[in-house]
Amino acid sequence: MSGGTSAAWVARSLHSVWHPCTQMQHHETVPLVPISHGRGAWLVDTEGRRYLDAISSWWVNLFGHANPRINAALKDQLDRLEHAMLAGFTHEPVVQLSERLSALTGNVLGHCFYASDGASAVEIALKMSVHAWRNAGQTDKSEFVCLQGSYHGETLGALAVTDVPLFRAAYGALLQNVHVVASPDARRGAPGEPASAVALRAAAELEALLEARAGHIAAVIVEPLVQCAGGMAMYDPVYLQTVRALCDRHQVHLIADEIAVGCGRTGTFFACEQAAIWPDFLCLSKGISGGYLPLSLVMTRDAIYQSFYDRDVARGFLHSHSYTGNPLACRAALATLDIFRDDDVLARNRALAAHLATAMAPLAADPRIANVRQRGMIWACDAIVDDAAAAATFSRRFFSAALEHELLLRPIGRTIYLMPPYILDAQEVDFLGAATQAVFQRVMSQESHP
Ligand SMILES: *Cc1c(COP(=O)(O)O)cnc(C)c1O
């Protein structure tokens, strides 16, 4: 990398680099933040300003930037094998990773299929489901069910089961029709109604659909416990138990998309554990490589694996990506699992999550805040902004104000949420609470224009 001042390459970034999920014209008024390096929970820009990464760089980073243990594993792997194709070849990191992840499910999900990004894992689960039914002689089962407010990625198959109007609108003509059923989001309840009642009501809607249509439906896809990109909608685990029973009764696969909620984010390694169920397909990505390298995978059951096992090529699962099972990414994942084991991360996170709740209490008590909620290492609340113009720009104004308070925070609409790395120390948690509240006060006192 060239040293010296950053100004030249930062300006050029706006022409050659098309940034994701961004209206590029907004950058006429809002500058890009040029990141020079990261250390622990902090990102540092080229001017030396630092930002606490309170959203784990889009939910991927678990144990901090430039983590010495993950770095060491990657340096070792780099000198052994950077990549080899996974058709006809194999390597130790991918075998070890598959075995260790399977063991975490008690070997119920004993087969791992690899890709690079989350959306691809969702595509794989959808294709595998339809193909497994076809291999079983059920050629009519090719429809999918997703939940209101669901998010499963932005490639065409994943976008079809994503219920975010903004992301779908322009591409509707390209998307398969799917069934969208009620979300168990606890906020949809009547005042005082328990989350479990909201969940059971939502499950009843799914039950009616399956009774009418199960012969055509391949799978139901859910984000267990928290619908993240849809606005951190949290729900009662009884929903997952009920859906598991319905899927069994009606012969429909259950796909658990744990891309965001897996890897300890909700308090258990897999979110499904809190409902004591296993899906037929479980998608992992984001945190699995510690936030280092693109890696995703789909775990599935032996019965499904066996339905593809045959002499006939066409009965095999027909899907591949160039970087399937990349050894570097798998080594980063193994180092990540080592940290979970060696540091008893899930136990430590219980204390950390409790501290987070305490640090956020002053903001939670603000009368302009509603629906304060938390599940493990996800904390969220909704800002009450009555003025429509102010509401429309709330997220961007919050993001900009947060940067001035040394925070990386990007609300979803008016939902302010924290999804920090698991390595925050006590001082950093307190800083996060105080700074988030200061940002909120500032944004609420602004004019609505950005
Ligand atoms: C982020 C996300 C995806 C998509 O993962 P990408 O790596 O961004 O393609 C899918 N499902 C859920 C629940 C996610 O949060």
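Both counts, for ligands and for their atoms, begin at 1 and track the order of listing.
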*Trace of the side chain to side chain contact (heavy atoms under 4.5 Å, CB included) decision for F281 with S129*: CA-CA 8 Å; F281 303 95; S129 170; 3.8 Å; yes
Please set out all donor-acceptor pairs under 3.5 angstrom arising from side-chain atoms of residues 217-226, sequence neighbours excluded.
{"from": "E223", "atom 1": "OE1", "to": "C228", "atom 2": "N", "distance (Å)": "3.1"}
{"from": "E223", "atom 1": "OE2", "to": "Y151", "atom 2": "N", "distance (Å)": "3.0"}

*asked:* Does the plane of the ring in F340 sit parallel, tilted or perpendicular to the ring in F269? Use 30° and 60° as the thresholds.
replied: perpendicular
*Any salt bridge between R80 and E92, counting N to O under 4.0 Å?*
no
*To the nearest 0.5 Å, how far apart are CD in E258 and OG1 in T268?*
7.5 Å
With the criterion set at N/O pairs under 3.5 Å, what does the list of contacts between the protein and ligand 1 look like, atom names and distances included?
{"from": "ligand 1", "atom 1": "7 (O)", "to": "G118", "atom 2": "N", "distance (Å)": "2.7"}
{"from": "ligand 1", "atom 1": "9 (O)", "to": "G118", "atom 2": "N", "distance (Å)": "3.4"}
{"from": "ligand 1", "atom 1": "9 (O)", "to": "A119", "atom 2": "N", "distance (Å)": "2.8"}
{"from": "ligand 1", "atom 1": "11 (N)", "to": "D257", "atom 2": "OD1", "distance (Å)": "3.4"}
{"from": "ligand 1", "atom 1": "11 (N)", "to": "D257", "atom 2": "OD2", "distance (Å)": "2.6"}
{"from": "ligand 1", "atom 1": "15 (O)", "to": "K286", "atom 2": "NZ", "distance (Å)": "2.6"}

*Does CZ belonging to F113 count more than 12 external heavy atoms closer than 6.0 Å?*
yes
